[in-house]
Amino acid sequence: MQEKYQPAEIEHALQKRWEETGAARATEGSSKPKYYCLSMFPYPSGKLHMGHVRNYTIGDALARFHRMRGYNVLQPMGWDAFGMPAENAAMQNNIPPAQWTYANIAYMKQQLNRLGFAIDWQREVTTCKPDYYRWEQWLFTRLFAKGLVYKRLGTVNWDPVDQTVLANEQVIDGRGWRSGALVEKREIPMYYMNITAYAEELVNDLDTLQGWPEAVKLMQKNWIGKSLGCEVCFPIVLKGSEGFAESAEPPVLKVFTTRPDTLMGATYVAIAAEHPLATQLAAGTFSQNGLGNTPNPALQAFIDECKQGSVAEIDMAKLEKKGIATGAFVRHPLSGEQLPIWIANYVLMGYGTGAVMAVPAHDARDFEFATQYALPIRQVIAPAGESAQDAAPTDSSSAAGAWSERAAEPGVCINSGVYDGLSFQDAFEAIARDLSARDLGARRTQFRLRDWGISRQRYWGCPIPIIHCARCGDVPVPDESLPVMLPEEVQVTGAGSPLAKMPSFYECYCPRCGKPARRETDTLDTFVESSWYFLRYCCPDNTQDMLDERVAYWCAGGVDQYIGGIEHAILHLLYARFWTRLMRDFGLLDGSAFEPKKLDGAGKWAQPKPDAVRQATILQDGQPFSLSEPFANLLTQGMVIAPTYFRLNSEGKKQWINPADVSLKLDERGRPISAVGKEDGLPVAIGDTEKMSKSKNNGVDPQALIDQYGADTARLFIMFASPPDQSLEWSDAGVEGAFRFLKRLWRLVFEHVSLGLAVPLSDTPQALDNLSADLKNLRRQLHQTIAKVSDDYARRKQFNTAIAAVMELLNAYSKFSEAQSGANDSADSALLPLRRALQQEVLEAIVLMLAPITPHISAALYAELRPSRAQLETAIPLNFPKVDEQALVQDEVELILQINGKLRGSLLLPANAERSLIEAAALASEAAQRHLAGQTPKKIVVVPGRLVNIVL
RNA sequence: GCCGAGAUGGCGGAAUAGGUAGACGCAGCGGACUCAAAAUCCGCCGGUGGUGACACCAUGGGGGUUCGAUUCCCCCUCUCGGCACCA
């Protein structure tokens, strides 16, 4: 055995062997239970960053742990390869996006292998390759035929100088990031996916996800935002138009409200600037009884003003509330009162009907707006707990005081005529009923969730398989013409869509009538690729079908463990849940659909199916395979965050500087006060601490860490630094400690092995009866540690505490060994063989417990400890240690002694001591006597196995 | 602005079901070994008072429930994530 720990040497040797033997390959149809361990695939941005290392180390640790526990494990990896950064790189470096992407993939794949992840690379999926994206084109055409994909206008950020659509990220302070031009909203035709059709199911099924964090389920629930309320119709009137034609049905303005109980407090209505009524009133095309047909330039000016700025909701929400009275009115559906129609920038066209009834007394936003524009505020709800009499009736703008959150809470109706005195629920019912009777409203369920716009006016994405024909309309590309290939040689300029400038791409013939037609040049949102990649891992080699029955084997009951960043808690996970249901409803995830398929000629899968696969396909708990929820257990990893640094360039734009190129000046307490560039020594501004990202250039490259210390130290350190679901501010202080620990482990094993191997104590049960106290104690700690570590891996998924427990055990081992070497020549040397056997048992267990996290050193050390058993040919050759319950038994326990809840001492008592004995011992103790000073205790609290509290 | 999460020594963090606050590690200080250095090993290490035993204070801030609160409840501050075209 080598005396020194040399990570580079052992890691390279093992990685080579694992690769040669296909150690991480997963095959269907073993008798073991399956465990599908999935990590979110990376965007190939160039290099791995610390977030990747953290994510994939967690995944690998869980995969290896379960393999050691006897599972048939699948751990795949792939590339979320379409997206904007490739186009930006193309512009910056004049390199085609495809070339840039494939180069990054090659580099990052090598980095992943250097970290020793047990990935089954035979299942690698790359989303920018036609053999992947062809299937989403294929499904798109079917979704389109069923109306689950449809076309309508959508609003985008428009850069008027570059004449191009911008992503929200490309809009900085309301300006285009390249041109600096003020961004405008523009409506263009786009394709949408009808996710709202599944809103009910998506929100209801959250309750079935027992393996998901509550926070994620809550965020999804709020995002979908199911609310019960009323649709209320306000008939539109123009001043002076009443009485002309009473019989004529006036057009109505529809609003949605969750608070119909406040309807009598509505003092105006507000519509979004994009609302059709706003457009008509401004243009003078809304007319009634000969009125309202003159254009209103002031309205038009306000609507145009609202068109400025980005479409991002966060920007909209931060806007100062502004509005304009249209001069038009509506009639209150119950009171008949006339209320003014305002156009307001705080009303979103995307939610509900794009119009709201405003109740300033009981809604914070309406209150702010009404206060600003001196609109009436009418209190109609008495706060719960206060009687209706106590609340002063108000009906004037002068009553406007400060807003109190309590005003928005449900209470009892006042100032509401026939509804006075009714509770929220009763008023809701009564008003809904009365509206319904007048045909001016009805109960309605409204979702906050909007349909998913999937068109992108960009090049590096999956082409949308539609052909626009002047005669036939939008025609889906027929199966035999799929895939629509994305040309890989292209000029990206940042102005407009490259595909729209390539006649060779868009010129085509209509598949229906054969006449010249134009191919769609938009590409799909990259969230589409990441919505189903985990299913394709099961069958990436199938050239005949999108999915096959191997999905039924690996995804029975869902992916067993999904691991990824908390930033994906809403969008990605919701889209994946949605797509899984779409594929289910198209029979793609249906056991019976797999069965009769012809699979011959498709390559590998033409082989007879293993029984386990067939059974998974046909029967699962007596039901045919079907999948709705893709991820049974979800671990949302906290962000790896780092400070951002920047300088302003001559145009006033921020140039982000990587933390590696910055040196900090610290104050006495170690806090950064200023920063300078390492190269030039010039000052650098310190920005926020944010998630590592390409756009803020604050990612830390783990490569240096791996080069210096090896993969095991990098893995150990990042897992030890904090629990996986917590965000982690990057600092490499402490890496040294992880490395030291591995060196120390190596040395202790070396010292043990040098004295000759022993048979572990656990293999000689007859010896266990003769253990001395110190042997018993160490062995108890060993098995307590095994129990704790197993629980941390399997249930808690908290690795920092598992590592800490192993470190403690190694400390105890070290003390024990030292004491032993002093005792060797004394009388108890008869115990020497037992001591050696226990040391062997402890070291083997430590090495195995660490194997999921530090697989290389573990495999190498186990080979020294158990040369006969170590099968280094396979990736995870070893069984996880088992707890010996007998070793945990304790004769005496320490109880904490408290007096009035304060720690005053401890008691050593038999583990089975009765309450009376515990109380007596507590009262008799020296500490109790001192504090009691003759007083009689009021009561004594005994918590078995933990503490005694004497209350005075 | 809205939704979600978090805040514990000089630093990362532990305390799993309301029961010893600070495990484990980093940094620091002292010592051993060494010609010396590195490496390694041993000891100390939240604050205040005390020679000491010990006492008091302390888990972002303020209040509450409890024999007992880092943990539960209410209010507030700050930080992080998401907000539909970053992925």
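Just so you know, these numbers use all the heavy atoms, side chains as well, and skip hydrogens, waters and symmetry mates.
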Participant: I'd like to know if the side chain of Gln372(A) reaches the main chain of Lys321(A), judged simply by a donor and an acceptor atom lying under 3.5 Å from each other, with no hydrogens or angles considered.
Facilitator: yes
Participant: Answer with base, sugar-phosphate or nothing: what part of the nucleic acid does Val156(A) contact at a heavy-atom distance below 4.0 Å?
Facilitator: base
Participant: If the P atom of G61(B) is compared with that of G10(B), how far apart are they to the nearest Å?
Facilitator: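 It comes out at 13 Å once rounded to the nearest Å.
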Participant: By nearest atom, which of the nucleotides A84(B), G82(B), C80(B) is closest to the Ala312(A) side chain?
Facilitator: A84(B)
Participant: For a quick check, tell me whether the side chain of Arg946(A) and the base of U20(B) share a donor-acceptor pair closer than 3.5 Å.
Facilitator: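 For Arg946(A), whose side chain was compared with the base of U20(B), there is no donor-acceptor pair (under 3.5 Å).
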Participant: Check whether any side-chain N or O of Arg740(A) sits under 4.0 Å from OP1 or OP2 of A27(B), and answer yes or no.
Facilitator: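 Yes, such a contact exists.
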Participant: Choose from A87(B), C85(B), A21(B) the nucleotide whose nearest atom is closest to any side-chain atom of Val165(A).
Facilitator: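 Nucleotide nearest to Val165(A)'s side chain: C85(B).
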Participant: At under 4.0 Å between heavy atoms, what does Ser455(A) touch on the DNA or RNA strands: base, sugar-phosphate, or nothing?
Facilitator: base
Participant: If you find the nucleotide of RNA chain B closest to Asn900(A) and the one closest to Thr155(A), which residue's nucleotide is nearer the 5' end?
Facilitator: Asn900(A)
Participant: Is any side-chain nitrogen or oxygen of Lys743(A) closer than 4.0 Å to OP1 or OP2 of U40(B)?
Facilitator: yes
Participant: Checking all strands, does Met692(A) fall into the base, sugar-phosphate, or nothing category for heavy-atom contacts under 4.0 angstrom?
Facilitator: nothing
Participant: Counting the atoms with a prime plus P, OP1 and OP2 as sugar-phosphate, which does Leu218(A) contact under 4.0 Å by heavy atoms, base, sugar-phosphate, or nothing?
Facilitator: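 Here Leu218(A) touches the backbone only, sparing every base.
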Participant: Which part of the nucleic acid, if any, lies within contact of Glu567(A), taking any heavy atom under 4.0 Å across all strands shown: a base, the sugar-phosphate backbone alone, or nothing?
Facilitator: base
Participant: Among G19(B), A84(B), U20(B), which nucleotide has an atom closest to any side-chain atom of Val943(A)?
Facilitator: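 Looking only at side-chain atoms, Val943(A) lies closest to G19(B).
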Participant: Write down the atom of Arg458(A), the atom of Thr523(A), and the distance for their closest heavy-atom approach.
Facilitator: O-OG1, 3.0 Å
Participant: Pick the C1' atom in A55(B) and in G60(B), then give their distance to the nearest Å.
Facilitator: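 Nearest-Å result for A55(B) against G60(B) at atom C1': 27 Å.
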Participant: Consider the side chain of Ala804(A), meaning its heavy atoms from C-beta on, and name the nucleotide among A84(B), G81(B), C24(B) that approaches it most closely.
Facilitator: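 Minimum distance to the Ala804(A) side chain belongs to C24(B).
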Participant: How far, in whole Å, is A27(B) from G46(B) if one measures between their C1' atoms?
Facilitator: 15 Å
Participant: Would you indicate which nucleotide in A87(B), C41(B), U16(B) comes nearest to any side-chain atom of Arg744(A)?
Facilitator: C41(B)
Participant: How close do Gln898(A) and Gly901(A) get, counting heavy atoms only, and between which atoms?
Facilitator: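 Of all heavy-atom pairs spanning Gln898(A) and Gly901(A), the closest is OE1-CA, 3.5 Å.
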Participant: Can we call the ring centroids of Phe82(A) and Tyr133(A) under 6.0 Å apart?
Facilitator: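 Centroid separation for Phe82(A) and Tyr133(A): below 6.0 Å.
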Participant: What do you reckon, are the aromatic ring centroids of Tyr575(A) and Trp452(A) less than 6.0 Å apart?
Facilitator: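 Tyr575(A) vs Trp452(A): aromatic centres under 6.0 Å.
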Participant: Looking at every non-hydrogen atom in both residues, tell me the closest pair between Ile940(A) and Leu923(A) and how far apart they are.
Facilitator: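 Heavy atoms of Ile940(A) and Leu923(A) come nearest at CD1-CD1, 4.0 Å.
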Participant: Taking the six-membered ring for Trp and the full ring for Phe, Tyr or His, determine whether the centres of Phe799(A) and Phe720(A) are under 6.0 Å apart.
Facilitator: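 Between Phe799(A) and Phe720(A), the centre distance exceeds or equals 6.0 Å.
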Participant: With 3.5 Å as the limit, what N/O pairs link the protein to nucleotides 12-14 of chain B?
Facilitator:
residue: G12(B); atom: O2'; partner: Ala721(A); partner atom: O; Å: 2.5
residue: G13(B); atom: O3'; partner: Asn800(A); partner atom: ND2; Å: 3.2
residue: A14(B); atom: OP1; partner: Asn800(A); partner atom: ND2; Å: 3.0

Participant: Whole angstroms only, please: what is the CZ-P distance between Arg365(A) and C2(B)?
Facilitator: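 To the nearest whole Å, that distance equals 9 Å.
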Participant: Of the options G1(B), C85(B), U20(B), whose atoms approach the side-chain atoms of Asp525(A) most closely?
Facilitator: C85(B)
Participant: Are any of Asn222(A)'s side-chain N or O atoms less than 4.0 Å away from OP1 or OP2 of G4(B)?
Facilitator: yes
Participant: Using a 4.0 Å heavy-atom cut-off across all strands, classify Gln898(A) as base, sugar-phosphate, or nothing.
Facilitator: base
Participant: Taking the P atom in each of G50(B) and C35(B), what is the distance between them to the nearest angstrom?
Facilitator: 44 Å
Participant: At 4.0 Å (heavy atoms only), tell me whether Asp725(A) reaches a base, stays on the sugar-phosphate, or touches nothing.
Facilitator: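 Answer is nothing: Asp725(A) stays at 4.0 Å or more from every strand.
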Participant: Just the rounded figure in Å: distance from C1' of A21(B) to CD1 of Ile896(A).
Facilitator: 12 Å
Participant: Is there a donor-acceptor pair under 3.5 Å between the side chain of Arg450(A) and the backbone N or O of Gly350(A)?
Facilitator: no
Participant: It should be established whether Arg747(A) places a side-chain nitrogen or oxygen under 4.0 Å from OP1 or OP2 of nucleotide C41(B).
Facilitator: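 Indeed, a polar side-chain atom of Arg747(A) lies that close.
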Participant: Any side-chain heavy-atom pair from Glu736(A) and Tyr709(A) closer than 4.5 angstrom?
Facilitator: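 The answer is yes, as the side chains (C-beta and beyond) meet within the 4.5 Å cut-off.
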Participant: For His572(A), report the nucleic acid contact type (base, sugar-phosphate, nothing); a contact means any heavy atom under 4.0 Å.
Facilitator: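 Nothing, no heavy atom under 4.0 Å.
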Participant: Taking only the C1' atom of each, what is the distance from A17(B) to A69(B) in whole angstrom?
Facilitator: 14 Å
Participant: Are side-chain heavy atoms of Trp223(A) and Leu574(A) found at a separation under 4.5 Å?
Facilitator: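 Yes; the side chains approach each other to less than 4.5 Å.
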Participant: Answer with base, sugar-phosphate or nothing: what part of the nucleic acid does Arg450(A) contact at a heavy-atom distance below 4.0 Å?
Facilitator: base
Participant: Given the C1' atoms of G18(B) and U59(B), what is the spacing between them in whole Å?
Facilitator: 15 Å
Participant: Measure from NZ or CZ of Lys696(A) to the centre of the six-membered ring of Trp656(A), then state whether that distance is under 6.0 Å and the direction lies within 45° of the axis.
Facilitator: yes
Participant: Compare side-chain N and O positions of His931(A) against OP1 and OP2 of A55(B) and report whether any pair is under 4.0 Å apart.
Facilitator: yes
Participant: Ignoring backbone atoms, test whether Lys902(A) places a side-chain nitrogen or oxygen under 4.0 Å from the OP1 or OP2 oxygen of C57(B).
Facilitator: yes
Participant: When you get a sec, tell me which of G81(B), A84(B), C67(B) is the closest nucleotide to the side chain of Lys939(A)?
Facilitator: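 Side chain of Lys939(A) sits closest to C67(B).
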Participant: Of the listed nucleotides (C80(B), G19(B), A84(B)), which one gets closest to any side-chain atom of Asp688(A)?
Facilitator: C80(B)
Participant: Lys696(A) side chain N/O closer than 4.0 Å to the phosphate oxygens (OP1, OP2) of C86(B)?
Facilitator: no
Participant: Give Leu449(A) one of three labels, base, sugar-phosphate or nothing, depending on what nucleic acid heavy atoms sit under 4.0 Å from its own.
Facilitator: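 Base contact.
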Participant: With no hydrogens and no angle check, do the side chains of Gln798(A) and Asp792(A) hold a donor and an acceptor under 3.5 Å apart?
Facilitator: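 Per modelled atom types, Gln798(A) and Asp792(A) side chains form no pair under 3.5 Å.
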Participant: Under 4.0 Å from OP1 or OP2 of U20(B): is there any side-chain N or O of Asn949(A) that close?
Facilitator: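 Asn949(A) to U20(B) OP1/OP2: no side-chain N or O under 4.0 Å.
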Participant: Applying ring pair (Phe, Tyr, Trp, His ring centres under 6.0 Å) between Phe578(A) and each of Tyr198(A), Trp532(A), Phe527(A), report the one that passes.
Facilitator: Tyr198(A)
Participant: Tell me which nucleotide among U20(B), A84(B), G82(B) gets nearest to the side chain of Glu313(A).
Facilitator: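 For Glu313(A), the side-chain atoms sit closest to A84(B).
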Participant: Taking the same atom, C1', in U71(B) and in U16(B), what whole-Å distance lies between them?
Facilitator: 11 Å
Participant: Compare side-chain N and O positions of Arg904(A) against OP1 and OP2 of C54(B) and report whether any pair is under 4.0 Å apart.
Facilitator: no
Participant: Of the candidate nucleotides G4(B), A87(B), C83(B), which contains the atom at the shortest distance from the side chain of Ala215(A)?
Facilitator: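 The answer is G4(B).
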Participant: For RNA chain B, which consecutive runs of 3 or more Watson-Crick or G-U pairs (each distance under 3.5 Å) count as stems?
Facilitator: B:1-7 with B:77-83, B:10-12 with B:24-26, B:28-32 with B:40-44, B:46-49 with B:54-57, B:60-64 with B:72-76
Participant: For the P atoms, the ones on A87(B) and on G12(B), what distance do you get once it is rounded to whole angstrom?
Facilitator: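 The answer is 33 Å between these two P atoms.
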Participant: Contact class for Tyr346(A) (heavy atom, under 4.0 Å): base, sugar-phosphate, or nothing?
Facilitator: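 Nothing, no nucleic acid heavy atom in range.
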Participant: Output yes when a side-chain donor or acceptor of Lys217(A) lies under 3.5 Å from a complementary backbone atom of Leu209(A), and no otherwise.
Facilitator: yes
Participant: Taking O4'-C1'-N9-C4 for purines and O4'-C1'-N1-C2 for pyrimidines, is G9(B) syn (within 90° of 0) or anti?
Facilitator: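 In terms of base orientation relative to the sugar, G9(B) is syn.
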Participant: Here's a test of your reading of the structure: between His568(A) and Ile803(A), which maps to the more 5' nucleotide of RNA chain B?
Facilitator: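 Residue closer to the 5' terminus by nearest nucleotide: Ile803(A).
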